[in-house]
Amino acid sequence: MTRHHPDSLSLMEYSAGNLSEPHALCIKLHLDKCSHCRSRVDTLDSLGAVMMEQQPKVTVSESMFDSILSRIDSEPSGEPATPAIPRVSALQKLLGEDLNSLPWKRQLGDVSVLDITDRFPGQKEQVVLQKLAAGGKAPAHTHRGEETTIVLQGAFADQKGVFNQWDFVVLTDEDEHKPVAVGCEDCITLSVLSAPVKLTGTFTRMLNPFIR
């Protein structure tokens, strides 16, 4: 069961379609598994529909209306029904393979990463998958900007609590933590970063100039 959820403002921005593609993906993945947040978004969507209905009506010219009807009439009819296509999750559509089969690159200690920013053309923020080996620890760090993260597999713990699969968390430069993978499987997360992390450990901080 998910315990950590997007805040109300994030859900409002998602409902309004104002989020970037990576941020919207993080929330969508959470919504697919969280009935509580889905209900909240459904309510926001309904409110948005009511607000749209209250907007001044726009007159459509008769010629445009006739053109639309003509296009509908010209569409072929009586085509045989196409077989149902199995539902593919947003994550499968993005990655195309199992999480553990991806070409992970060891970054530091128990942490491996895969930068997938290039799968979001025009995206200014960095989008990365991070894998923390079962029982492993990530280096102590803070953030130079904002980091939005959703847990895709396993779980991790820090001073704020335990974050299980599909939990959602936003961290800023005011947060410093040292995540530990809990349970018997690797913890895999998807993160959207507005700026690189900043290592704060006694020795690891020397690596900050090399972190993208």
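All values below come from the heavy atoms of this structure, side chains included, with hydrogens, waters and symmetry mates left out.
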Legend entry - Distance-only polar pair, side chains of Asp42 and Ser39, donor-acceptor under 3.5 Å: no
Inset, instruction - Using modelled atom types only, decide if a donor and an acceptor are shared between the side chain of Asp158 and the backbone of His177 within a distance under 3.5 Å. - result: no
Inset, instruction - For the residue pair Leu152 and Leu129, establish whether any side-chain heavy-atom pair is separated by less than 4.5 Å. - result: yes
Legend entry - Ser8 vs Arg40 side-chain heavy atoms within contact, under 4.5 Å: yes
Inset, instruction - Taking atom types as modelled, find out whether Gln123 and Asp118 have a side-chain donor-acceptor pair closer than 3.5 angstrom. - result: no
Inset, instruction - Kindly indicate whether the side chain of Leu44, heavy atoms from C-beta on, has any atom under 4.5 Å from the side chain of Leu11. - result: yes
Inset, instruction - Report yes if the side chains of Leu95 and Leu102 come closer than 4.5 Å at any heavy-atom pair, otherwise no. - result: yes
Legend entry - Any donor-acceptor N/O pair, Arg144 side chain to Asp173 backbone, under 3.5 Å: no
Inset, instruction - Report the C-alpha distance between Phe168 and Cys26 in whole Å, list the side-chain angles of each, state the deciding distance to 0.1 Å, and finish with yes or no for side chain to side chain contact (heavy atoms under 4.5 Å, CB included). - result: CA-CA 8 Å; Phe168 188 95; Cys26 289; 3.9 Å; yes
Inset, instruction - Kindly give the heavy-atom pair with the smallest separation between Leu19 and Ala24, and that separation in Å. - result: CB-N, 4.1 Å
Legend entry - Heavy-atom pair of closest approach, residues Ala134 and Ala181: CA-CB, 4.2 Å
Legend entry - Short N-O contact, Asp115 and Lys105, less than 4.0 angstrom: no
Legend entry - Check: Phe120 and Val192 side chains under 4.5 Å, non-hydrogen atoms: no
Legend entry - Cluster overlap Leu25 with Val113, hydrophobic side-chain contacts below 4.5 Å: no
Legend entry - Glu174-Thr172 side chain donor-acceptor pair, cut-off 3.5 Å: no
Inset, instruction - Evaluate the side-chain proximity of Lys137 to Leu132: yes if any heavy-atom separation is below 4.5 Å, no if none is. - result: no
Legend entry - Gap between atom CD of Gln165 and atom CD1 of Ile150 - 0.5 Å precision: 9.0 Å
Inset, instruction - Evaluate side chain to side chain contact (heavy atoms under 4.5 Å, CB included) for Val162 paired with Phe156, printing each intermediate quantity in order. - result: CA-CA 6 Å; Val162 177; Phe156 75 86; over 6 Å; no
Legend entry - Check: Thr142 side chain, Lys198 main-chain N or O, donor-acceptor pair, under 3.5 Å: no
Inset, instruction - May I ask you to test the His23-Tyr14 pair for a side-chain heavy-atom distance under 4.5 Å? - result: no
Legend entry - Atom pair OG (Ser194) and CD (Glu125), whose distance is rounded to the nearest 0.5 Å: 5.5 Å
Inset, instruction - Please determine which of Arg38, His5, His4 meets the side-chain hydrogen bond (donor to acceptor under 3.5 Å, both in side chains) test together with His30. - result: His5
Inset, instruction - Starting from the C-alpha separation in whole Å, work towards a yes-or-no answer on side chain to side chain contact (heavy atoms under 4.5 Å, CB included) for Leu29 and Ile27. - result: CA-CA 5 Å; Leu29 292 172; Ile27 289 187; over 6 Å; no
Legend entry - Distance (rounded to the nearest 0.5 Å) between Ile116 CD1 and Gln126 CD: 10.5 Å
Inset, instruction - Report the distance from atom SG of Cys37 to atom CG of Asp32, rounding to the nearest 0.5 Å. - result: 11.5 Å
Inset, instruction - Is it possible for you to say whether Leu94 and Leu114 belong to one hydrophobic cluster, with membership spreading through side-chain heavy-atom contacts below 4.5 Å? - result: yes
Inset, instruction - Please report the shortest heavy-atom distance between Ser15 and Asp45, naming the atom on each side. - result: OG-OD1, 2.6 Å
Inset, instruction - Measure the spacing between NZ of Lys160 and CG of Leu171 and express it to the nearest 0.5 Å. - result: 5.5 Å
Inset, instruction - For residues Leu190 and Val127, report the shortest heavy-atom separation together with the two atoms involved. - result: CD1-CG1, 3.9 Å
Inset, instruction - Return yes if some donor-acceptor pair links the side-chain N/O of Glu21 with the main-chain N/O of Pro121 below 3.5 Å, else return no. - result: no
Inset, instruction - Give the C-alpha distance, both sets of side-chain angles, the deciding distance and a yes or no for side chain to side chain contact (heavy atoms under 4.5 Å, CB included) between Val151 and Asn164. - result: CA-CA 6 Å; Val151 181; Asn164 294 298; over 6 Å; no
Legend entry - Spatial distance of atom NZ (Lys131) from atom CG (Leu99) [nearest 0.5 Å]: 9.0 Å
Inset, instruction - For Ser191 and Gln130, test the side chains for any donor-to-acceptor distance below 3.5 angstrom and give the result as yes or no. - result: yes
